[in-house]
Amino acid sequence: MTRSSLSANAKYFKDGGEMGELTRNFDWSKSVLGSPEKWPQSLLTTVNIILRSKFPMFLWWGKELIQFYNDAYRPSLGNEGKHPVALGQKGAECWPEIWPTIKPLIDQVMGGGASTWSEDQLIPIYRNGRVEDVYWTFSYSGVDDENGAVGGVLVICSETTKKVKAYDEVEQAKKELEFAIEAAELGTWDLNPQTNRFIGNQRLKAWFGLSADDEVELPKATSIIAEADRPRVLDAIGEAMTYSSGGSYDIDYIIQPPDNPIPRHVRAKGKALFNTDLQAIRFSGILQDITEQKKDEVRKNDFIAMVSHELKTPLTSLKAYVQVLMRKANIKSDEFSAATLIKLDTQVNKMAGLINSFLDVSRLDSGKIHLDKKEFLINDLILEVLETFFAPVIITPFILSLVQI
């Protein structure tokens with residue numbers, strides 16, 4: 001363009017960054033629109049608004065749908081391809097890949113119809129050397145010419161590709177989580193401590209004897225818990241929702257729905273979230289059915305008890321025989337036999353102790369016994385081991401002195 005043409009365009013297209021400069025430098029005299037001084041005022045005004053706007057805007061003007069756009073719209077065209085050729089280009093030439101999709105919308109507005117609105121619509125376009133799936137939220141509105149007829153279509157738009165893809169990723173992650181929960185056969189729950197509204201998935205509702213559409217409140221949910229376990233569970237919930245506890249929740253209990261005579265043993269694990277005022281604002285977690293696991297533990301404990309009982313019967317007889325022999329043994333004439341019988345009696349007692357230990361482990365697992373921790377001297381334990389594996393005559397005073405160190 002000549003310097004005088006540039007000067008003339010400059011007064012029509014002020015500011016606008018890169019697209020303002022490209023619009024000023026464009027040789028409009030060779031386009032179907034002609035020089036800007038011949039343009040209708042509505043077109044000049046609209047182009048100025050577009051160039052100065054920080055929101056993505058695009059304009060088609062006239063029957064040939066000549067194109068204008070601003071810096072905010074520029075990134076949507078990609079790094080290579082349509083830009084900067086799209087400026088001043090005819091719409092049909094610029095968008096062949098999507099023309100069948102957008103041309104009816106343009107015709108609707110150019111024909112005097114209502115403005116359009118589309119949200120997160122997939123409109124693939126050619127950019128960055130290939131056709132990409134691009135999502136848009138946009139509106140097409142008419143711009144009147146000097147005669148009051150629609151002279152062009154103003155596109156106010158926003159590319160939402162990142163938002164839609166992020167939403168799709170969240171949805172995919174949600175589906176994967178739901179699949180994992182379903183595969184693990186877990187119930188899920190979410191409690192609002194402010195309202196006591198208790199939300200559960202379908203599996204949890206089924207366990208609690210509720211239909212999928214039932215609303216669940218905390219008192220209604222806890223009423224299903226076995227009466228003996230209910231105070232313990234409520235205390236654990238209250239503790240978890242105390243900030244100083246860290247918010248952790250891990251407890252097992254029995255639920256007994258009114259319509260199901262068979263109790264279900266479950267384990268609940270959860271976590272409470274707190275606000276800046278240290279108040280619990282959310283409490284959620286999972287529920288696992290451990291009924292079969294508990295049955296297995298009962299069967300295991302019953303088996304241990306049965307085996308222990310069967311072992312103790314012959315062991316009792318063996319101990320009786322050892323005690324009889326010890327009474328009849330002549331300690332003075334046969335010290336070796338006497339010492340051997342003493343060792344034998346000791347080992348019988350140890351075996352009886354082991355059997356009792358099996359029973360104690362079983363009781364410990366079922367919660368019927370608690371560990372009674374006591375301090376003891378390690379020297380006594382070492383000496384006991386030595387006496388178990390060596391004859392008393394081998395345990396010399398030197399060895400005893402080492403043990404006593």
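This one's a predicted model, so the numbers in the text were calculated from it and none came from an experiment. Numbers here simply count residues along the sequence, with the first being 1.
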Would you call [X] and [Y] a side-chain contact if the rule is heavy atoms closer than 4.5 Å?
X	Y	result
Met19	Tyr69	yes
Val164	Thr161	no
Ser76	Trp136	yes
Ile125	Ile98	yes
His83	Arg74	yes

Heavy-atom donor-acceptor pair, Ser139 side chain to Trp117 backbone, under 3.5 Å: no
Measuring from atom [atom1] of [X] to atom [atom2] of [Y], what distance do you get when rounded to the nearest 0.5 angstrom?
X	Y	atom1	atom2	result
Lys165	Glu169	NZ	CD	8.5 Å
Ile156	Phe138	CD1	CZ	13.0 Å
Trp28	Thr23	CH2	OG1	6.0 Å

Are [X] and [Y] within salt-bridge range, i.e. N to O under 4.0 Å?
X	Y	result
Asp296	Arg299	yes
Arg230	Glu227	no
Asp229	Arg232	yes

Let me check something: any side-chain donor-acceptor pairs from residues 248-255 under 3.5 Å, sequence neighbours excluded? List them with distances.
residue: Ser248; atom: OG; partner: Lys271; partner atom: NZ; Å: 3.3
residue: Asp250; atom: OD1; partner: Arg267; partner atom: NE; Å: 2.9
residue: Asp250; atom: OD1; partner: Arg267; partner atom: NH2; Å: 3.3
residue: Asp250; atom: OD2; partner: Arg267; partner atom: NH2; Å: 2.7
residue: Asp252; atom: OD1; partner: His265; partner atom: NE2; Å: 3.2

Hey, are Ser42 and Asp144 close enough side-chain-wise for a donor-acceptor pair under 3.5 Å? no
Within the supplied structure, the quantity of interest is the number of heavy atoms (other residues, nucleotides, ligands) at a distance under 6.0 Å from Phe55 CZ; does it exceed 12? yes
More than 12 heavy atoms from other groups under 6.0 Å of CD on Glu178: yes
Taking the six-membered ring of Trp95, is the NZ or CZ of Lys90 close enough (under 6.0 Å from the centre) and on axis enough (within 45°)? no
